[in-house]
Amino acid sequence: MVNTKKFIEKAIDEIKTAAGNEKVVMALSGGVDSSVCAALAARAVGDNLIPIYIDTGLMRKGETERIRTIFSDIRLDVVHAEDEFLGSLKGIVDPEAKRKAIGERFIRVFEREAKKNGAKCLLQGTIYPDRIESEGGIKSHHNVGGMPLHMEFSKVIEPIRDLYKDEVRDVAGALGLPKEIQHRMPFPGPGLAVRVLGEVTKEKVAVVREANWIVEDEIVEKYRPWQCFAALLGLGTGVKGDNRIHGWIVAVRAVNSRDAMTADPIDIPFAHLTRIGSRITADIPSVARVVYDITAKPPATIEYE
Ligand code: XMP
């Protein structure tokens, strides 16, 4: 466990030295990692920090409004890039290719925003497990292996690259960030795209977004999981009213973990699981089936792709 006070001083120094008098652009998603980076960088470079929120069209329900409310006291540019991201994902089925396409798109948006603001440095909230899994060839986290080799930035600064998630949460507490941010569940950079198996389309994202909303509503407060979410597995047969339908199969995942390197499914009472299933199929007409994922990590990962 790091000494948070020392870490904060060292990180601020490091950002100051790396940025010099240059402007620094960063994507603030509202998760704990990017919020900690923003708080450190604001202390290090002040007004030279340019935080942007990118609406990728792959974010959770209500996220853009939430971000505007939480960060109402800082100048946050909201960039609407939904069509761009969905366009880049068209026809892509392979999970790694999806991650790479998203990583590439993120960088292009950063470059554009940096140019607009005259920024030369990019700040990223990469944490230790992101690097391990990317370097170990397990998968390319969008902010590591998914980055294109050619970038128009003179510097990439990653101040929390050696921290585990629980350490990031401790730093968030020490920096005085709101509890809602400090304890928020992790959400992957590529967003809902890694929770839709196969090609990502606007329709599939809309279904998984709504299902995810229900899953969080039913599970977060009650079980305080490390992570819970919905994923869209594919199409299957179902019956709704008098008709057989070809409907979506939604998986519900809820796990506990210490550092995301291993995880265990949460023992949710069967009666509650069936209620969650009924709510999802009732609220989303195109869903025909709901399953609960009972797999640990390993052998499964937490996310589906
Ligand atoms: P997995 O699925 O590898 O996930 O067991 C471990 C933790 O990392 C999150 N995750 C990601 N975070 N970019 C991120 O920033 C990614 O590409 C990514 N993939 C997974 C996941 O939600 C879990 O908390």
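First listed ligand is number 1; within each ligand, the first listed atom is number 1.
- No hydrogens or angles considered: nothing links the side chains of Arg161 and Thr126 as a donor-acceptor pair under 3.5 Å.
- Within the listing of ligand 1, atoms 1 (P), 3 (O), 5 (O), 6 (C) sit less than 4.0 angstrom from a heavy atom of Lys297.
- Residue contact check: Gly189 has heavy atoms under 4.0 Å from atoms 12 (N), 13 (N), 14 (C), 15 (O) of ligand 1.
- Summarising the geometry, atom CD belonging to Glu14 is positioned 9.5 Å from atom CG belonging to Leu40; distances are rounded to the nearest 0.5 Å.
- Considering only non-hydrogen atoms, atom 21 (C) of ligand 1 lies nearest to Glu303 out of Met261, Glu305, Glu303.
- Side-chain contact annotation: Thr64 with Asp55, donor-acceptor N/O pair under 3.5 Å present.
- Taking any N or O of Pro186, backbone or side chain, none lies under 3.5 Å from an N or O belonging to ligand 1.
- With no hydrogens or angles considered, no side-chain donor-acceptor pair links Tyr53 and His80 at under 3.5 Å.
- Ala97 is linked by a side chain to side chain contact (heavy atoms under 4.5 Å, CB included) to Ile92, Asp94, counting only residues two or more places apart in sequence or in another chain.
- With no hydrogens or angles considered, a side-chain donor-acceptor pair links Tyr304 and Asp293 at under 3.5 Å.
- Atom 19 (N) of ligand 1 has its nearest heavy-atom neighbour, among Lys165, Arg99, Gln227, in Arg99.
- By the 3.5 Å distance cut-off applied to N or O atoms, Asp130 is not counted among the residues near ligand 1.
- Within the listing of ligand 1, atoms 1 (P), 2 (O), 5 (O) sit less than 4.0 angstrom from a heavy atom of Thr301.
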